[in-house]
*Asks:* 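I'd like to ask you about the structure that follows.
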Amino acid sequence: MTSIEVPTPYGPGRLQLLASLDAGAGADTMVLLSHGAGNGVESPDLAALGRFLPTTGVNVALFDQPWRVAGRKIATAPPTLDIGLRAAAAMLPSVRRLIVGGRSAGARSAARCAKDLGAVGCVALCFPLHPPGRPEKSRVGELVGAGVPTLVVQGERDAMGRPEEFPSDVPDLELMVVPQADHGLKVPARAVRTPAQTLDLITAAVADWIRRQQ
């Protein structure tokens with residue numbers, strides 16, 4: 001793993017580069033993932049993708065926004081997240097294909113920035129379609145406006161957007177439902193799948209979607 005400081009107007013961010021373990025197909029792909037408004041890139045789903053995708057031949061870059069690097073607990077405004085993500089993308093090694101993504105607030109930022117960054121795809125984990133209990137405050141425009149093929153990985157019980165609330169007729173928008181999972185992709189103690197099995201389901205689905213974009 002290589003750590004790179006990312007200068008931004010809001011202080012330094014941090015990239016963790018996890019190189020592909022395979023020089024074959026997919027090694028010319030970089031997946032840039034940022035975190036949500038709570039935890040950083042140590043979130044179980046992002047950490048699992050950082051471990052798994054390189055084993056499939058895909059490079060991964062995990063980006064901690066400046067507010068996390070500074071040790072603050074409250075995320076800065078959405079436009080600052082986009083500026084941070086663009087700065088991180090500018091620091092990446094040159095690859096043929098860039099896929100951007102993230103979880104929650106990071107998924108929103110990835111969708112907003114994907115086309116401008118020249119990405120060929122977007123991975124939106126736990127996309128916050130609306131604030132909890134406020135479906136009228138929809139953010140679907142950000143998602144469908146990504147302008148690139150997009151995979152949404154959404155918990156079945158996500159209070160910020162249940163799977164059935166997402167549009168089903170948008171070209172290049174694919175929805176992967178995580179059974180029994182909430183907005184943090186956590187499952188109940190008596191769920192059909194254990195937390196580890198749930199993460200395996202997510203990482204396999206993301207890896208398969210990336211492969212199909214080639």
Side-chain angles (χ1 to χ4, degrees), residues 1-6 12-22 26-27 29-73 75 81 84-85 88-89 91-93 95 98-111 119 121-128 151-158 160 176-189 191 193-211:
M1 182 182 72
T2 302
S3 182
I4 300 174
E5 183 175 288
V6 179
R14 182 174 55 239
L15 271 174
Q16 297 177 30
L17 298 181
L18 302 149
S20 163
L21 302 181
D22 181 359
T29 299
M30 176 70 75
V31 180
L32 170 61
L33 299 170
S34 62
H35 54 81
N39 295 325
V41 297
E42 74 279 2
S43 298
D45 49 352
L46 297 181
L49 288 168
R51 290 190 301 269
F52 182 72
L53 291 180
T55 71
T56 70
V58 174
N59 301 289
V60 176
L62 301 177
F63 177 57
D64 270 311
Q65 290 279 354
W67 67 270
R68 280 290 302 182
V69 175
R72 296 193 294 271
K73 295 183 179 180
L81 305 184
L85 187 65
M91 301 287 289
L92 293 174
V95 291
L98 173 66
I99 293 173
V100 295
R103 73 163 350 268
S104 197
R108 292 182 63 193
S109 182
C122 177
V123 176
L125 302 158
C126 315
F127 190 86
L151 173 67
V152 176
V153 178
Q154 203 75 4
E156 186 178 32
R157 301 183 298 114
D158 194 327
M160 300 182 76
M176 182 264 176
V177 179
V178 185
Q180 299 179 274
D182 62 12
H183 185 66
L185 296 178
K186 296 178 181 177
V187 295
R193 291 181 177 84
T194 66
Q197 289 170 333
T198 298
L199 286 176
D200 288 345
L201 183 71
I202 293 165
T203 55
V206 172
D208 177 68
W209 181 85
I210 291 172
R211 178 187 57 77

*Asks:* Restricting to non-hydrogen atoms, name the atom on V100 and the atom on A110 that form the minimum distance, rounded to 0.1 Å.
*Replies:* CG2-O, 3.7 Å
*Asks:* Let me confirm one number: the CG-CZ distance from L33 to R103, rounded to the nearest 0.5 Å.
*Replies:* 11.0 Å
*Asks:* So which heavy atom on V187 is nearest to which on P195, and how close?
*Replies:* CG2-N, 4.1 Å
*Asks:* Just verifying a value: how many Å separate N59 CG and L32 CG, rounded to the nearest 0.5 Å?
*Replies:* 12.0 Å
*Asks:* Report the distance from atom CD of Q65 to atom OG of S34, rounding to the nearest 0.5 Å.
*Replies:* 6.0 Å
*Asks:* Given 3.5 Å as the limit, does a donor-acceptor pair link the side chain of H35 with the main chain of E42, or not?
*Replies:* no
*Asks:* Is the shortest side-chain heavy-atom distance between T29 and V95 below 4.5 Å?
*Replies:* no
*Asks:* Taking all atoms of both residues into account, what is the closest heavy-atom pair of Q180 and R157, and its distance?
*Replies:* O-NE, 2.7 Å
*Asks:* L18 and R51: side chain to side chain contact (heavy atoms under 4.5 Å, CB included), yes or no, with the steps?
*Replies:* CA-CA 8 Å; L18 302 149; R51 290 190 301 269; over 6 Å; no
*Asks:* Quick check against the 3.5 Å criterion: does S43 have a side-chain atom that pairs as donor or acceptor with the backbone of L46?
*Replies:* no
*Asks:* Work out which heavy atom in P54 is nearest to a heavy atom in L49; give both atom names and the distance.
*Replies:* CD-O, 3.8 Å
*Asks:* Which heavy-atom pair separates W67 from A37 by the least distance, and what is that distance?
*Replies:* CH2-O, 3.4 Å
*Asks:* Out of curiosity, T203 OG1 to D208 CG, how far, rounded to the nearest 0.5 Å?
*Replies:* 11.5 Å
*Asks:* Once rounded to the nearest 0.5 Å, what's the spacing between atom OG1 of T198 and atom CZ of R193?
*Replies:* 6.5 Å
*Asks:* With a 3.5 Å distance limit and no angle check, can you tell me whether E156 reaches the backbone of V177 through a side-chain donor-acceptor pair?
*Replies:* no
*Asks:* Apply the test side chain to side chain contact (heavy atoms under 4.5 Å, CB included) to residues L92 and L15: give CA-CA distance (whole Å), side-chain angles for both, the deciding distance (0.1 Å), then the verdict.
*Replies:* CA-CA 9 Å; L92 293 174; L15 271 174; 4.0 Å; yes
*Asks:* Kindly indicate whether the side chain of V60, heavy atoms from C-beta on, has any atom under 4.5 Å from the side chain of F52.
*Replies:* no
*Asks:* Locate the shortest heavy-atom distance separating S104 from G36; write the atom from each residue and the value.
*Replies:* CB-CA, 4.3 Å
*Asks:* Just jot down the salt bridge (charged side-chain N to carboxylate O under 4.0 Å, His left out) partners of D158, sequence neighbours excluded, or say none.
*Replies:* none
*Asks:* Looking at side-chain heavy atoms only, is the closest gap between M176 and L201 below 4.5 Å?
*Replies:* yes
*Asks:* Taking atom CD of Q154 and atom CG of D182, what is their separation to the nearest 0.5 Å?
*Replies:* 10.5 Å
*Asks:* By salt bridge (charged side-chain N to carboxylate O under 4.0 Å, His left out), which residues pair with D200, not counting sequence neighbours?
*Replies:* none
*Asks:* Could you tell me whether a side-chain N or O of E5 sits under 3.5 Å from a main-chain N or O of P12, the two making a donor and an acceptor?
*Replies:* no
*Asks:* I want to check something: taking the side chain as every heavy atom from C-beta on, are M160 and C126 in contact at a cut-off of under 4.5 Å?
*Replies:* no
*Asks:* Taking only residues two or more places apart in sequence, or in another chain, which ones meet W209 in a ring pair (Phe, Tyr, Trp, His ring centres under 6.0 Å)?
*Replies:* none
